[in-house]
Amino acid sequence: MNLNPLLQALDLQEDAVWNLADDLRTQIDTLQAQLIEAELRLEHLAITRTTFTGLANRIPAQSADPSGSLELPEHPDYPRIVAVCNDATGPLRARDICQALDFGLLPKHIERTRAKMKRLVTLRNPHRDRARNLQQEALTKSGTDINSRTAH
């Protein structure tokens, strides 16, 4: 009986299983690295959650209606502007909101939308304008104009 063909077939199968084992080891190494990254991300998210909940206890309650949402002015554009902002994945400019709401992109429409956005911010944080006025007064006394400073 000639065992060579049988031994060659076994060698081929053994090589294939060794290659499979090497591929699986490589996949395991990759998955372990991904698992370490995911666990680190989870740890960072837990720290962020702890920080936010700790800060939330320090923030005074907003004046809101009983449903918990901010009381908006009567004009129908305000809820639409808030909806666009809530759906946004990044920062928005007044021009972006005009485009999303199919307003014209004329300067008068953009400025009107900018004023409405400012009104929403003022409703959310009524002390913002007071703080800006105090800052303006302090800078005026020191001889610096807030509007003449350049952004870095």
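Just so you know, these numbers use all the heavy atoms, side chains as well, and skip hydrogens, waters and symmetry mates.
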[X] vs [Y] side-chain heavy atoms within contact, under 4.5 Å:
X    : Y   : answer
L31  : L35 : no
F103 : I97 : no
L40  : H44 : yes
V84  : L92 : yes

[X] [atom1] to [Y] [atom2] distance, which is reported to the nearest 0.5 Å:
X    : Y   : atom1 : atom2 : value
T48  : E43 : OG1   : CD    : 10.5 Å
R119 : D77 : CZ    : CG    : 13.0 Å
E14  : L7  : CD    : CG    : 10.5 Å

Open item on the list: Suppose the criterion is salt bridge (charged side-chain N to carboxylate O under 4.0 Å, His left out): which pairs have a residue in residues 15-28, not counting sequence neighbours?
Closed with: D22-R25

- [ ] Using the salt bridge (charged side-chain N to carboxylate O under 4.0 Å, His left out) rule, collect all pairs that involve residues 87-97, keeping only residues at least two apart or in two chains.
- [x] R93-D96

Taking only residues two or more places apart in sequence or in another chain, which ones pass side-chain contact (heavy atoms from CB on, under 4.5 Å) with [X]?
X   : answer
Q13 : L10
Q32 : I28, D29
Q27 : L24

TODO: Could you pull out all residues at least two apart from E111 that satisfy side chain to side chain donor-acceptor pair (under 3.5 Å)?
DONE: R114

Task: Exercise: identify the closest heavy-atom pair between L105 and I110 - done: O-CD1, 3.6 Å

TODO: Could you tell me which non-hydrogen atom of G104 sits nearest to which non-hydrogen atom of C98, and how far apart they are?
DONE: O-CB, 4.0 Å

